[in-house]
There are 2 protein chains.
Amino acid sequence: MGKEEKTFIEFLRRTGQKVTRARCLVLEEVYRHHDHFDAEALYQRLEKRRAGVSRATVYRTLSLLDRSGLVRKMDLGEARSLYEHVLGHPHHDHLICVSCGRIFEFEHPGIEEIQNQICAQHGFEMHSHTQQIFGRCRDCRAGRSPAETS
Amino acid sequence: MGKEEKTFIEFLRRTGQKVTRARCLVLEEVYRHHDHFDAEALYQRLEKRRAGVSRATVYRTLSLLDRSGLVRKMDLGEARSLYEHVLGHPHHDHLICVSCGRIFEFEHPGIEEIQNQICAQHGFEMHSHTQQIFGRCRDCRAGRSPAETS
DNA sequence: TCGTATATTGCGACTCCCTGTCAATTTGAA
DNA sequence: TTCAAATTGACAGGGAGTCGCAATATACGA
Ligand SMILES: [Mn+2]
Ligand SMILES: [Mn+2]
Ligand SMILES: [Zn+2]
Ligand SMILES: [Zn+2]
């Protein structure tokens with residue numbers, strides 16, 4: 001049993017919720033890939049594997065995973081929310097190419113430090129933060145299609 | 001005629017669109033207040049003034065104002081998008097209190113500088129960026145209700 | 001292991017924020 | 001003033017996500 005299962009089960013127990021077949025299948029599928037995904041795509045992947053988990057349960061379980069700290073829900077201003085792993089993926093923020101849609105990750109300790117300063121100034125207790133930079137990626141600027149890059 | 005009207009008309013002309021009664025009324029109402037607002041609230045304000053502008057036109061005009069650079073559309077992960085002025089309001093980012101919902105603004109030159117560095121490293125051409133810090137504000141931490149402040 | 005209280009599930013209906021359609025109206029260039 | 005083209009209001013439609021509920025699964029204690 002992976003660390004994520006352990007964490008999830010511990011979270012469910014701690015909060016008086018049940019460890020169900022559907023929840024385990026969703027968690028398993030979430031951790032089969034390591035990219036940014038949306039709820040519908042995850043549901044489709046489960047369908048393909050004939051997991052027999054409903055769309056509603058996918059949404060409900062993603063919410064649990066978010067609250068348990070296993071995944072992070074991200075809202076990039078698009079219709080659908082995206083999700084990404086937290087466990088084993090250190091905190092980072094995103095560069096989003098408005099041309100090809102790809103998402104690049106970055107992290108910079110200086111930013112976190114400044115954020116702490118700002119919170120201190122405002123007497124603000126930070127729970128989470130997000131930072132997104134929208135623009136054109138190197139490939140798109142070069143007129144290259146993303147497919148040509150390996 | 002305020003600077004915002006001038007800018008808007010110039011934008012409309014430049015992009016081959018028409019300066020209409022409805023668009024002017026929406027712009028006027030947008031600039032009557034200087035806080036964060038959503039489309040529905042703006043529509044209600046117009047209704048109260050019997051402006052006779054439809055909800056659809058409010059949405060369509062907000063989109064134009066966003067594209068013209070007069071307002072900024074913000075997605076804070078809530079159902080509704082928020083909008084805020086750009087003209088006369090220097091760039092800033094937001095602290096959002098998850099307890100009372102109030103939004104506080106901050107700006108820090110160091111952050112912008114780091115963002116430029118990161119873009120340079122990735123060969124990324126930045127168009128815009130947003131940064132949100134979620135947490136609890138000073139008042140909420142002190143158990144004070146926001147109404148008591150002022 | 002079994003029985004039972006309680007949580008969860010799948011289903012589809014539903015909500016909510018917009019967005020698209022289209023006939024009627026307005027705009028502005030000539 | 002004329003008139004093609006853009007815009008508008010009304011409302012249907014879309015799409016992501018949520019809710020209610022009867023059927024089912026889970027877990028806890030006997
Ligand atoms: Mn990421
Ligand atoms: Mn602001
Ligand atoms: Zn790109
Ligand atoms: Zn607060």
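Naming convention: chains lettered A, B, ... in sequence-line order (proteins, then strands); numbering from 1 in each chain.
The nearest whole Å value for the distance from the CZ atom in A:Phe37 to the P atom in D:dA16 is 16 Å. To the nearest angstrom, P of C:dT9 lies 14 Å from OH of A:Tyr43. The OH-P distance, from A:Tyr83 to D:dA16, rounds to 12 Å in whole Å. In this structure, CG of A:Leu64 is placed 14 Å from C1' of D:dT18, rounded to the nearest angstrom. With rounding to whole Å, B:Leu76 atom CG is found 15 Å from C:dC17 atom C1'. D:dA10 atom C1' lies 13 Å from atom CD of B:Glu47, rounded to whole Å. Going from atom CZ of A:Arg80 over to atom P of C:dC17 covers 20 Å, rounded to whole Å. Atoms CZ (A:Arg21) and P (D:dT26) sit 8 Å apart, rounded to a whole Å.
When each of A:Arg45, A:Lys48, A:Arg23, A:Arg50 is paired with A:Glu29, the salt bridge (charged side-chain N to carboxylate O under 4.0 Å, His left out) condition holds for A:Arg45 and for no other.
Among the protein residues, B:Gly16 comes within range of no part of the nucleic acid, since none of its heavy atoms lies under 4.0 Å from any strand. Nucleic acid contact for A:Gln17: sugar-phosphate only, since backbone atoms but no base atoms lie under 4.0 Å from a heavy atom of the residue. Using a 4.0 Å heavy-atom distance criterion, A:Ala56 is classed as a base contact.
Using a cut-off of 4.0 Å between Lys/Arg side-chain N and Asp/Glu carboxylate O, B:Arg55 and B:Glu40 are scored as salt-bridged.
For D:dA16, neither phosphate oxygen OP1 nor OP2 lies less than 4.0 angstrom from any side-chain nitrogen or oxygen of A:Ser81. Applying the 4.0 Å criterion to OP1 and OP2 of C:dT19, one finds that B:Tyr59 has every side-chain N and O outside that range. For C:dT9, one of the phosphate oxygens OP1 or OP2 lies less than 4.0 angstrom from a side-chain nitrogen or oxygen of A:Thr20. An OP1 or OP2 oxygen of D:dT7 is reached within less than 4.0 angstrom by no side-chain nitrogen or oxygen of B:Arg60. A:Arg23 has a side-chain polar atom (N or O) that falls below the 4.0 Å cut-off from OP1 or OP2 of C:dT8.
When only modelled atom types and interatomic distance are considered, A:Glu84 and A:His36 share a side-chain donor-acceptor pair under 3.5 Å. Between the side chains of B:Glu105 and B:His92, at least one donor N or O sits under 3.5 Å from an acceptor N or O.
Between A:Thr61 and B:Val19, the residue anchored nearer the 5' end of DNA chain C, judged by the nucleotide with its closest heavy atom, is A:Thr61. Positionally, the nearest nucleotide of DNA chain C for A:Thr57 lies more toward the 5' end than for the other of A:Thr57 and B:Ala39.
For D:dA5, its base sits under 3.5 Å from the side chain of B:Lys18 at one donor and acceptor pair at least. If you check distances only, the side chain of A:Arg55 never reaches the base of C:dG12 with a donor-acceptor pair under 3.5 Å.
Nearest heavy atom pair, residue A:Val71 against residue A:Val86, reads C-CG2, 3.6 Å.
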